[in-house]
Amino acid sequence: MNKEFALGKAYKLCSIKRIDRLFAEGQRLKAYPLTLMYQETHDEMEHTFQVLFSVPKKRMKHAHDRNYVKRCLREILRLNKAPLEKHLTDCHKKINFALIYQFNERMSYAELEQKLIKALDKLIIELTHEE
RNA sequence: CAGGCAAAUCAGUCUAUCGCUUUUUUAAAGAGGAAAGUCCGGGCAGUAUAGAGCGUCGUACUUCCUAACGGGAAGGUCUCGAGAAAGGAAUUUUUCGGGAACAGAAAGUGCCGCAGAAAGGAAAACUACCUGAGCGCUUGCGCAAGGGAAAAGGUGAAAAGGUGAGGUAAGAGCUCACCGCUUUGGCAGUGAUGUCAAAGGCAAGGUAAACCUUACGAACUGAAAGACCAAAUAUACCGAGGAUUGCAGCAAUGCAUAAAGGGCUGCUCGUCCAAUCUCGGAGGGUAGGUUGAUGGAUUCCAAGCGUGAGUUUGGAACAAGAUAAAUGAUAGACAACUGCGUUGAAUUUUUCAACAAAGGAUACAGAACCCGGCUUAUGAUUUGCCUUUUUU
């Protein structure tokens, strides 16, 4: 089976300690309506990055709306993660990052796709700059 | 045609591509009627607990159902609206549809604005009514202290039983009939209550969603509860083994080292204790993981019992288990439904049947230990009842 587009459990950032550290020490990258928190790491991981999706309850009151946005984000990342993965493999880097949705209403899949791809491009540029 | 109430059913299906979670991994399964609000009640778990009382909180017509409830079923009472019947009237009976925080006001305390003469002590005399000491004179009229009187007027949510008659100076349950009320007793009912009879001239108005009284119930916490496994690191503890020195000083001692002190002895050796190092064990326990946690007051079907909520017996089924939290995204098709139109029949407003362009799933909403309820949100269809409007 072609695993090119898979985004399984190993990609998920689950450890509470790592999440705490990410939010305490990580760097912030704004790409409205999304915010990325990212941090280079040396933890043992199967893949080049681990990610978590967050939609604040403050902004989206209903659970079904939050679920919808998270699903869309996950789906888009799944389909568009290739460039990021390639870059990280080339540089021999590993990162943890969080995707935070900072908008008060639901967006369509197409809109979100556009925004997220932009954000990922920005992230790659930032990572290059750091070197 | 529109609106309201009640009940029932459903909450899209299929295909392709790329994915997610779980498990017994060539495969199978994967959100709701409210998963929601977290408002009640239980299970489950931990902690506490001799018994009793006070306090606090909750509940409040009756009986029943239930694991339990503040939930439900059946019944009762009162009350509101509409209608009908009896009667001269007061009033009573009855039908249909709603509503009730529906225990106690004769244990005690508090409160009852404005209006009104008087609003709780069985109160109160403004107008009008009756009587009239006395005064004035035109001698049968006027004024009038005081007294009688709750019948009429007026005020109020409410004026102290009602209607009719007798009675009286005028009046009054003062007396009588009927109605209502209260008390007592009989009968019916498991009971709330109902009904019949007798007695009482009728007495202590409302407010308990004011304090309060009475009866019944409640120990507290909450799945982040609780139980278990357990790396790394450090280690009070246990066992085995190693090492126990160097420098300064007469010595005490000081310095160094991971550590090198004390008992037995005059001293050395030895041995014991302590300290220290290495290895092993053990314990608690962090990261992390397992469990709790999905087979149950379960669901469906049938039969019996019960007015009913329910319940008993038999048979069948296993139906999400995630944990920064899965159950999705994209594209297409189908279908419920709406139906521009076309054809046929009855007919010539229209009705019924068939075909059908086009539109076409859109509402409320996402399990977080599990159940029973309640409440709220909400799309569509069907059935029943009620109301309004228009047309014939």
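Protein chains get the first letters and strands the later ones, always in sequence-line order, with residue 1 at the start of each. A quick note: this is a predicted structure, and the numbers were derived from the prediction, not measured.
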If pairing requires Watson-Crick or G-U wobble contacts with both distances under 3.5 Å, which nucleotide is the partner of [N]?
{"N": "G306(B)", "answer": "none"}
{"N": "C300(B)", "answer": "G315(B)"}
{"N": "G266(B)", "answer": "none"}

For Lys118(A), which residues count as a salt bridge (Lys or Arg N to Asp or Glu O under 4.0 Å) partner, sequence neighbours excluded?
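If we apply the salt bridge (Lys or Arg N to Asp or Glu O under 4.0 Å) test to Lys118(A), skipping adjacent residues, there are no hits.
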
Would you compute the distance between atom NE2 of His87(A) and atom CD1 of Ile125(A) and round it to the nearest 0.5 angstrom?
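Nearest 0.5 Å value for the NE2-CD1 distance: 10.0 Å.
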
Rounded at 0.5 Å granularity, tell me how far CG in Asn96(A) sits from OH in Tyr38(A).
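Between Asn96(A) CG and Tyr38(A) OH, I get 13.0 Å after rounding to 0.5 Å.
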
Using the [atom1] atoms only, state how far [M] lies from [N], rounded to an integer number of Å.
{"N": "A29(B)", "M": "A331(B)", "atom1": "C1'", "result": "26 Å"}
{"N": "A105(B)", "M": "U91(B)", "atom1": "P", "result": "25 Å"}
{"N": "G164(B)", "M": "A169(B)", "atom1": "P", "result": "23 Å"}
{"N": "C279(B)", "M": "U235(B)", "atom1": "P", "result": "12 Å"}
{"N": "A172(B)", "M": "A149(B)", "atom1": "C1'", "result": "8 Å"}
{"N": "A287(B)", "M": "A231(B)", "atom1": "C1'", "result": "8 Å"}
{"N": "C369(B)", "M": "U294(B)", "atom1": "P", "result": "14 Å"}
{"N": "A170(B)", "M": "A125(B)", "atom1": "C1'", "result": "15 Å"}

Which glycosidic conformation, syn or anti, is assigned to [N] if syn requires a torsion within 90° of zero?
{"N": "G281(B)", "answer": "anti"}
{"N": "A198(B)", "answer": "anti"}
{"N": "A60(B)", "answer": "anti"}

Tell me, please, which residues at least two apart from Ala119(A) pass side-chain contact (heavy atoms from CB on, under 4.5 Å).
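Testing Ala119(A) for side-chain contact (heavy atoms from CB on, under 4.5 Å), a comparison that skips the adjacent residues, returns Ala31(A), Leu34(A), Leu36(A).
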
Can you measure Leu73(A) atom CG to A324(B) atom P for me and round it to whole angstrom units?
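Answer to the nearest Å: 18 Å.
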
Take atom NZ of Lys70(A) and atom C1' of U327(B), then tell me their distance rounded to the nearest Å.
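Taking atom C1' of U327(B) as the reference, NZ of Lys70(A) is at 14 Å.
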
How would you summarise protein contacts on nucleotides 362-368 of chain B per nucleotide, using B for base, S for sugar-phosphate only and - for none, with heavy-atom distances below 4.0 Å?
---BBS-

